[in-house]
Amino acid sequence: MPTITLPDGKTKSFDKPVSGLEVAASIGAGLAKAALAVKVDGELRDLSAMIDRDAGVAIITAPKPGQAASGEALQLIRHSAAHVMAEAIQDVLGKDVQLAYGPATDTGFFYDMFVPAGKKFSSDEFGAIDKRIAEILKEDRAFTRYEVASVEGLKKLQAEGNKYKVDNAERALGMASSVYQGKKAAFSEGNAAAEARSAVLSFYATGTPGKNWEDLCRGPHVPSTSRIGAVKVMSLASAYWHGDETSDRLIRVYGTAFASQADLDAYLKQREEAAERDHRKIGKALHLFHIDEDVGQGLILWTPNGSIIRKELQQFIAGELRKQGYTEVFTPHIGRLELYKTSGHFPYYKESQFSPIIERDALEQLSAAGCSCAEMIHRVEGVSERLAKGINERTGKETIEKSRVLPDDKLIEGFMLKPMNCPHHAKIFASSPHSYRTMPVRLAEFGTVYRWEQSGELNGMTRVRGFTQDDAHLFCTEEQVPAEIQGCLSLVKVIFGTLGMKDYRVRVGLRDPDSNKYTGSKDNWDKAEAACRDAAKSLGVPFSEEPGEAAFYGPKIDFVVKDVIGREWQLGTVQVDYNMAIRFDLSYIGSDSSKKRPVVIHRAPFGSMERFCGVLIEHFAGAFPLWLSPEQVRVLPISEKTNEYAMKVHAALQAAGLRAEIDTSNDRVQGKIKAAAELRVPYLAIVGPRDAENGTISLRARGEEKDLGAMKLEAFVEAAAAEYLSRAAVLGVKP
RNA sequence: GCCGCCCUAGCUCAGUGGUAGAGCACUCCCUUGGUAAGGGAGAGGUCGAGGGUUCAAGUCCCUUGGGCGGCUCCA
């Protein structure tokens, strides 16, 4: 006699076990119609699943077109779509295509499959597959679950000869796989693990078991194929079975699905728009930056136009930092290896750093002495007894492995391109004495760092190997930590506000409660985590707490900004660090005249200038606010007869500090407007004989269909200069 | 780093074994025009690089650099 509790707290009692559909129907016919699945005590189940005990039940419904779908509804739709796509692919390409693994993802779904050698599968087939999918949706076949005992199920799968499905089943049953002995258990989560220890295997037929297509599957699914709405096959990629490159190579077919064709169309349109906004495309068209293969992958050359944007941003940020009491420093791009051994960066993160720079003489001598490469590496990575002792004494525990400690004459010294700015800043802090009265010390630098990102990860300006962080290190007392974190967040707020980026959230990275890898006292951690949480809360934007996401040396806050078309971008972080002051033996004199350890806060709220500019390019689609526009005003004479007056206008704009250009080509004005519009120039000052006579310009603003009318030259110059100075987010000059 | 695809003029792209093309941009000429491309002419490429197959390679094969998509990784 189940009594179910609905999300709103209401309860309903039934005198016999009921299906999810019956529960929905008992609430309302509309709900029953929209229902896709049920959530029973937090667990997603088929709508047809019987509920025979007291439980909390929520109905998962399909969204109406245009309405935001719940993640669960989309996941159901997409997982079901993966089945339909797999069936369609087997119909189109043949049953010898073996299915492996097909989950829903954030933006759709994929299905990994093994395509026999000699069989061609390319995007040419997408049309036929999409067509077959549409037919299956129209047939409105019910997703039918049936369960068989594990032994019987395994036999069935073995008979079908698909080793991937056998493997899936064995993993689901919690058995060691007979097929896959790989090193990673990447697929354990959410797939096999959830069903581990189950005594049965579940299958889903798309229609009638034994008659229609079916697949080993944990489920749940939407009730029937028509409920999927709309599906599209998107792309092909290759993938390894279980993500293990020593295992079989499979073809991964990506698709996406939505509750309605309208939603799918909206998604496709959004993707198109995103492609139009791609900073690599716009960066080329507007000459904002250049990457040259002769210079190197992932190394940004800032061309004059892009440099203007970066410079404006940096001046803006620097101004805000001054208001907050930061002091600016400059440090070189390299430092001795020893410095990074002290900080702990080298060699622990060597795979993401550029190789050390070793002096030529040293290399030649070692080479002449017959030193092997392995020995050389060992001696480069070694640390002196002095350094090891110093760090171990300060931390009170072994932080440097004994095997790495070498006598001085065995060590090979060298330099490293800096992967972080903090060691240099720590040395600046340590270069003068500090007292609690002069704390905090806030050292800011647009510091360029170099990291060895894997080549496959590089992407335009957003993933690069050399980048300039809007970096700063705040050396403060423990008591000052909350206020300093607060200060970092208020800076972010000001800058996002100015750029018109209202939609952002923060993630607070906390300790993993089950780990003891963390440095610093529990008491301090509690305080710092509370400070991060409080600061995030006070920001007035959504925030999430993520246990286990903290670094071993302290909690952190990450910023994630949403651009105008809804994509999220991870920018920078604020990170509390209890470890660095210890490693560098930093101190200040407390009020009791004893030496105290400062706490260090790393913060680069916008990440890097490269990434931030890349995000801004996409956010604005190249149509920057006046203050960031490389070219702010273009003067367009109607004909050569007004060139002279146009030059006067141009000179007046330049004299006012505006970035103005003049187009004296012998195009007609229509052509000049088109050319300027393509470059997203904010204001066009069009001048003809009338204007020359009246001392006016005819104003046309970016995005306006037609001209805004004439205004006195002086008034325009003044208004434009004022808008520039105010860093207005939108164009506002009008006659 | 791994897998797949791609690289032709400054830009966007056509050209699948037989004399390198188009549009835009550029230069010059005509046109002197009032709000998203007036007209004409010219110049511009050892087809990413190196090697191979072939009578003949932009086109086929190998190596290599770079890009894109995906995987993996990320202090």
Side-chain angles (χ1 to χ4, degrees), chain A residues 105 110 112 115 121-123 184 186 234-254 275 278 280-281 284-287 290-299 340 343-346 348-353 419-423 449 451-460 463 509 550-554 556 570 573 575 577 579-580 602 604 636-643 664-679 681 684-692 696-710:
Chain A
T105 65
F110 63 79
D112 285 345
V115 177
F121 186 13
S122 74
S123 50
K184 295 172 202 163
M234 303 295 289
S235 61
L236 292 177
S238 75
Y240 295 103
W241 179 230
H242 293 294
D244 175 359
E245 64 186 65
T246 62
S247 186
D248 295 4
R249 194 153 61 75
L250 305 170
I251 288 186
R252 174 166 296 180
V253 192
Y254 280 90
D278 192 311
R280 293 165 299 193
K281 182 180 166 148
K284 200 180 255 183
L286 305 192
H287 316 294
H290 175 65
I291 298 171
D292 194 292
E293 65 177 87
D294 289 339
V295 173
Q297 286 183 294
L299 300 172
Y340 302 100
S343 70
H345 291 117
F346 187 83
Y348 290 108
Y349 297 110
K350 64 182 172 186
E351 73 288 347
S352 50
Q353 295 168 169
M420 286 193 135
N421 296 305
C422 38
V449 298
R451 298 182 190 176
W452 187 261
E453 298 287 348
Q454 294 185 82
S455 62
E457 263 314 306
L458 298 170
N459 180 286
R463 262 333 253 285
F552 75 90
Y553 50 75
K556 66 173 179 177
Q570 152 92 55
T573 61
Q575 188 132 30
D577 186 342
N579 186 242
M580 189 167 105
H602 309 250
L636 311 184
I638 295 290
S639 78
E640 279 172 25
K641 287 178 181 163
T642 25
N643 276 1
T664 54
S665 69
N666 68 357
D667 267 346
R668 303 197 328 177
V669 71
Q670 289 91 326
K672 294 182 184 184
I673 288 170
K674 169 100 163 121
E678 276 174 359
L679 293 175
V681 179
L684 305 183
I686 297 168
V687 294
R690 277 206 304 271
D691 296 294
T696 58
I697 58 109
S698 298
L699 182 64
R700 191 177 169 121
R702 182 183 62 209
E704 301 285 341
E705 289 283 315
K706 48 186 197 165
D707 70 322
L708 299 173

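These numbers come from the heavy atoms of this one structure, side chains and all, not from hydrogens, waters or symmetry mates. In the text below, chain A, chain B and the rest are named by the order of the sequence lines, each starting its count at 1.
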>> Strictly by Watson-Crick or wobble contacts shorter than 3.5 Å, is anything paired with B/rG34, and which nucleotide is it?
In response: none

>> Any base atoms under 4.0 Å from A/Y348, or only sugar-phosphate, or nothing? Heavy atoms, all strands.
In response: nothing

> Atom CG of A/D292 and atom C1' of B/rG65: how far apart are they, to the nearest Å?
Replying inline: 12 Å

> In whole Å, what separates the C1' atom of B/rC47 from that of B/rU32?
Replying inline: 42 Å

>> Of the options B/rC30, B/rC73, B/rU35, whose atoms approach the side-chain atoms of A/I686 most closely?
In response: B/rU35

>> Checking contacts here: which listed nucleotide (B/rU32, B/rG1, B/rU35) is nearest the side-chain heavy atoms of A/Q454?
In response: B/rG1

> If pairing requires Watson-Crick or G-U wobble contacts with both distances under 3.5 Å, which nucleotide is the partner of B/rU63?
Replying inline: B/rA49

> Expressed in angstrom and rounded to an integer, what is the separation of A/K281 atom NZ from B/rU12 atom P?
Replying inline: 9 Å

> Looking only at atom P, what distance separates B/rG58 and B/rC7, rounded to whole Å?
Replying inline: 15 Å

> Taking the side chain of A/K284 as its heavy atoms from C-beta onward, which of B/rC11, B/rA36, B/rG33 lies nearest to it?
Replying inline: B/rC11

>> Checking contacts here: which listed nucleotide (B/rA75, B/rC68, B/rA36) is nearest the side-chain heavy atoms of A/R280?
In response: B/rC68

>> Over all strands shown, is A/Y254 touching base, sugar-phosphate only, or nothing at heavy-atom distances under 4.0 angstrom?
In response: sugar-phosphate

>> What's the closest nucleotide to the side chain of A/E640 if the choices are B/rG34, B/rG33, B/rC71?
In response: B/rG33

> Choosing from B/rA75, B/rG33, B/rG66, which nucleotide comes nearest the side chain of A/E293?
Replying inline: B/rG66

> Distance between the C1' atoms of B/rU72 and B/rG52, in whole angstroms?
Replying inline: 35 Å

> Which nucleotide in the list B/rG69, B/rG66, B/rA36 gets nearest to the side chain of A/Q297?
Replying inline: B/rG66

> Is B/rG21 paired to anything, Watson-Crick or G-U wobble with both distances less than 3.5 Å, and if yes, which nucleotide?
Replying inline: B/rC13

> Is A/N459 near enough to B/rG69 that one of its side-chain N or O atoms lies under 4.0 angstrom from OP1 or OP2?
Replying inline: yes

> Which nucleotide sits closest to the side chain of A/N666: B/rG69, B/rU31, B/rU35?
Replying inline: B/rU31

> Whole-Å distance between B/rG70 C1' and A/L250 CG?
Replying inline: 13 Å

> Of the nucleotides B/rA75, B/rG34, B/rG70, which one has an atom closest to the side chain of A/M420?
Replying inline: B/rA75

> What interatomic distance, in whole Å, is found between P of B/rA9 and the corresponding atom of B/rC13?
Replying inline: 11 Å

>> Going by purine N1 to pyrimidine N3 plus the second Watson-Crick contact, or the G-U wobble pair, all under 3.5 Å, which nucleotide sits opposite B/rG1?
In response: B/rC71

>> Between the base of B/rC73 and the side chain of A/R463, is there a donor and acceptor pair under 3.5 angstrom?
In response: no

> For A/S352 and B/rC74, is the shortest distance between a side-chain N/O and OP1 or OP2 below 4.0 Å?
Replying inline: no

>> Evaluate A/D707 against A/R700 for salt bridge (Lys or Arg N to Asp or Glu O under 4.0 Å), listing each step before the verdict.
In response: CA-CA 4 Å; A/D707 70 322; A/R700 191 177 169 121; over 6 Å; no

>> Taking only the P atom of each, what is the distance from B/rC26 to B/rU16 in whole angstrom?
In response: 31 Å

>> I want to verify a distance call: between B/rG34, B/rA36, B/rG33, whose nearest atom is closest to the A/R690 side chain?
In response: B/rG34

>> Please give the distance between the C1' atoms of B/rC55 and B/rG17 as a whole number of Å.
In response: 12 Å

> What integer number of Å spans the P atoms of B/rU53 and B/rC61?
Replying inline: 15 Å

> What interatomic distance, in whole Å, is found between C1' of B/rA43 and the corresponding atom of B/rC24?
Replying inline: 15 Å

>> Under 3.5 Å for both donor-acceptor distances, Watson-Crick or wobble: does B/rC26 have a partner, and if so which one?
In response: B/rG42

